[in-house]
Structure formats: structure tokens, C-alpha cells
Amino acid sequence: MKIVFATNNQHKLQEVRHILGDRFEVLSLNDIGCDVDIPETGTTLEENARLKAEYVWQHYHLEVFADDTGLEVEALGGAPGVYSARYASLVDESVSPHDSEANMARLLKELGNNNNRKARFRTVFALIRKNHDTAEKEEHLFEGIVEGEIMRERSGVGGFGYDPIFRPDGYDLTFADMGEEAKNQISHRGRATQKLCEYLRSCGANE
């Protein structure tokens, strides 16, 4: 069974391909000839994931899933949330989107000495596929969450994004301190990916 993952992130692709195994051929956007920067104009993670999946479904008529991830900090009312990747650029146009150092600097500045450091990472996958019994379009959402806290200083050189300042509950290390394999076993993306892949495997077994 062929299915598109609406990304060109090789790390994400390898992770999903590993979990799904040989029963599925997971294609990237490059694999289907899609070089469009699909707009993420939603106000929630769910909306952005759906937008990316819907674009591929409408333009390429292929079964597809897409993801979006955000860091939600309790003391900041859930910010940066859906704007996590471009948090610093929202207040400074000279900053490039996806500038991790600038994003972390803004977050730490806004938290200041606030003792409430509770935060969580959340990933949402949107899946669009054809029901092979009814031939009708189906949409499904899968969510992965990991609770933790924001550290006062950066720690670790691994990972990406906010990993150097996020420590998951039950651990003495930030995501950036952990090895990739250890992080993937407990991460928000890993948990959402497992749910998605379990569903796809169950579908594949019945078709």
C-alpha cells in the first residue's frame, strides 16, 4: 500500500518507515513531485495538519497523512503553540522563521523568573484515506503529548527546536541531552506516530 507523508523531513520519514515496515510504501512530497511550500495558515495544530493533508489529497489524489507540532507553556496561556516554529519572527521581522535560538531566547525572556515552568509538547497527525469498503473519503486525527517543564538555561547539543530547554517529566535530562533513540521512545511525535502506525497496520491487515 502506498501512502504519502506530507513532509520532506528525512528524520520523520525514516522513523515512520521503520515503524510501518515493508507493508507500506511511504512517499515524501519530493517523491510525488510536490515542491510547493504548503501554507500553514491554521490557528491550531489540527488545522495545519489537515491543511497539508488536504492539499495532497486534492492535488495528487493519494492517501496521505501530515503532522504539526507545538510547544504549549502553561504560564504563557499555551503559547507559543501553533506558532512555535516562528515564535521570534512574529515580533521581529529580521528573524528568520525556524530560528531555534531566537525562539528559545524569546520564550525564556517572556517566562522570566516565573516559577510555573510547566509545558508540554504536542504533535497531531491528520490522515486522509479512502475507505476500501465504501470508497468514500475518511479523515482521522492522532495526537501525542509529553508533559514536562521549561528549564532556565539551555542544556544539551542534540535534538532541534526547543529541545535544549525542555525536560520531560520523570527525567533529569532535556530532550537535547538524550540520545535520539531514547527521545523517540517517549516523545510527543513518537507517541503520535505509534498511534498512526497502529491504525494503518490494522487497515492494511484488512485490505
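Quick caveat, the model's predicted, so the values are computed rather than measured. Numbering starts at 1 and runs along the sequence shown.
Shown here for Arg117 and Gly112, the closest heavy-atom pair between the two residues is NH1-O, 3.1 Å. The shortest heavy-atom contact between Gly170 and Arg167 is N-NH1, 4.1 Å. Looking at every heavy atom in both residues, Ala192 comes nearest to Gly144 through CB-N, 3.5 Å. Heavy-atom minimum distance, Val36 versus Tyr55: CG2-OH, 3.4 Å. Scanning all heavy atoms of the two residues, the minimum distance from Tyr60 to Ile32 falls at CE2-O, 3.5 Å. Contact record, Asp99 with Ala102: OD1-N, 3.1 Å, taken as the closest heavy-atom pair.
Residues Phe166 and Ile150 form a side-chain contact, since some pair of their non-hydrogen atoms from C-beta on lies under 4.5 Å apart. Side-chain contact check for Val82 versus Leu45: some heavy-atom pair is nearer than 4.5 Å. Side-chain atoms of Arg129 and Ile3, non-hydrogen and from C-beta on, never get closer than 4.5 Å to each other. Inter-residue side-chain proximity for Arg106 and Leu90 is flagged as met; some heavy-atom pair is nearer than 4.5 Å. Residues Arg122 and His188 fail the side-chain proximity criterion, which asks for heavy atoms closer than 4.5 Å. Pro164 has its side chain within reach of Met104: a pair of non-hydrogen atoms, C-beta onward, lies under 4.5 Å apart. The side-chain heavy atoms of Ile128 and Glu54, taken from C-beta on, include a pair separated by under 4.5 Å. Contact of the Glu147 side chain with the Ile145 side chain is registered, since non-hydrogen atoms from C-beta on lie closer than 4.5 Å.
In the hydrophobic clustering of this structure, Leu173 groups with Leu71; members are Ile, Leu, Val, Met, Phe, Trp, Tyr whose side-chain heavy atoms approach within less than 4.5 Å, directly or through other members. Residues Val64 and Leu200 do not share a hydrophobic cluster, defined by chaining ILVMFWY side chains whose heavy atoms lie under 4.5 Å apart. One hydrophobic cluster, built from ILVMFWY side chains closer than 4.5 Å, cannot hold both Val95 and Leu108; they sit in different ones. Leu51 and Trp57 fall into different hydrophobic clusters, where Ile, Leu, Val, Met, Phe, Trp and Tyr side chains are chained together by heavy-atom contacts under 4.5 Å. Side-chain heavy atoms closer than 4.5 Å link hydrophobic residues (I, L, V, M, F, W, Y) into clusters, and following such links, even through other members, never connects Leu141 to Leu127.
With hydrogens and angles disregarded, a donor-acceptor distance shorter than 3.5 Å links the side chain of Asp163 to the backbone of Phe160. Here the side chain of Lys130 pairs no donor or acceptor atom with the backbone of Glu63 at under 3.5 angstrom. Looking only at distances, a side-chain donor or acceptor of Asn48 sits under 3.5 Å from a matching main-chain atom of Gly42. Using modelled atom types, one side-chain atom of Arg191 and one backbone atom of Ile186 make a donor-acceptor pair closer than 3.5 Å. Between the side chain of Thr44 and the backbone N or O of Glu47, at least one donor-acceptor pair lies under 3.5 Å. At distances below 3.5 Å, at least one donor-acceptor pair connects side-chain atoms of Tyr162 with backbone N or O atoms of Ser84. At least one donor-acceptor pair closer than 3.5 Å links the side chain of Arg17 to the backbone N or O of Val26.
Electrostatic pairing of Glu40 and Lys52 counts as a salt bridge here, judged by a charged N lying under 4.0 Å from a carboxylate O.
The number of heavy-atom neighbours closer than 6.0 Å to CG of Asp37, taken from other residues, nucleotides and ligands shown, is 12 or below. Heavy atoms from other residues, nucleotides or ligands lying under 6.0 Å from NZ of Lys118 number 12 at most.
In this structure, the separation between CG on Leu196 and CZ on Arg201 is 9.5 Å, given to the nearest 0.5 Å. Taking NZ of Lys2 as the reference point, atom CG of Leu62 lies at 8.5 Å (rounded to 0.5 Å). Between the OG1 atom in Thr174 and the CE atom in Met151 there is a gap of 7.5 Å [rounded to 0.5 Å]. Atoms OG1 and CZ, on Thr69 and Phe125 in that order, are 7.5 Å from each other to the nearest 0.5 Å. Atom CZ of Phe65 and atom OG1 of Thr7 lie 9.5 Å apart (nearest 0.5 Å). For the atom pair Asn30 CG and Gln10 CD, the distance stands at 7.5 Å (nearest 0.5 Å).
The aromatic rings of Phe175 and Phe121 lie parallel to each other, with less than 30° between the two planes, well short of the 60° mark.
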Could you go through the side-chain contact (heavy atoms from CB on, under 4.5 Å) check for Ser187 and Val146 one step at a time?
CA-CA 6 Å; Ser187 76; Val146 60; 5.5 Å; no
Given the rule in the side-chain contact (heavy atoms from CB on, under 4.5 Å) test, do Asn113 and Arg152 qualify, once you have shown the distances and angles that lead to the verdict?
CA-CA 8 Å; Asn113 292 321; Arg152 296 181 185 274; 4.2 Å; yes
Would Phe5 and Asp67 count as a side-chain contact (heavy atoms from CB on, under 4.5 Å) if you check the C-alpha gap in whole Å, the side-chain angles of each, and the deciding distance to 0.1 Å?
CA-CA 9 Å; Phe5 185 4; Asp67 74 314; 3.6 Å; yes
Could you go through Ser100 and Asn103, starting from their C-alpha distance and side-chain angles, then the distance that decides it, and tell me whether this counts as side-chain hydrogen bond (donor to acceptor under 3.5 Å, both in side chains)?
CA-CA 5 Å; Ser100 297; Asn103 289 336; 5.3 Å; no
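Donor-acceptor pairing under 3.5 Å is recorded for the side chains of Ser155 and Asp177.
Scored by the ring pair (Phe, Tyr, Trp, His ring centres under 6.0 Å) test, Tyr87 finds no partners at all (sequence neighbours excluded).
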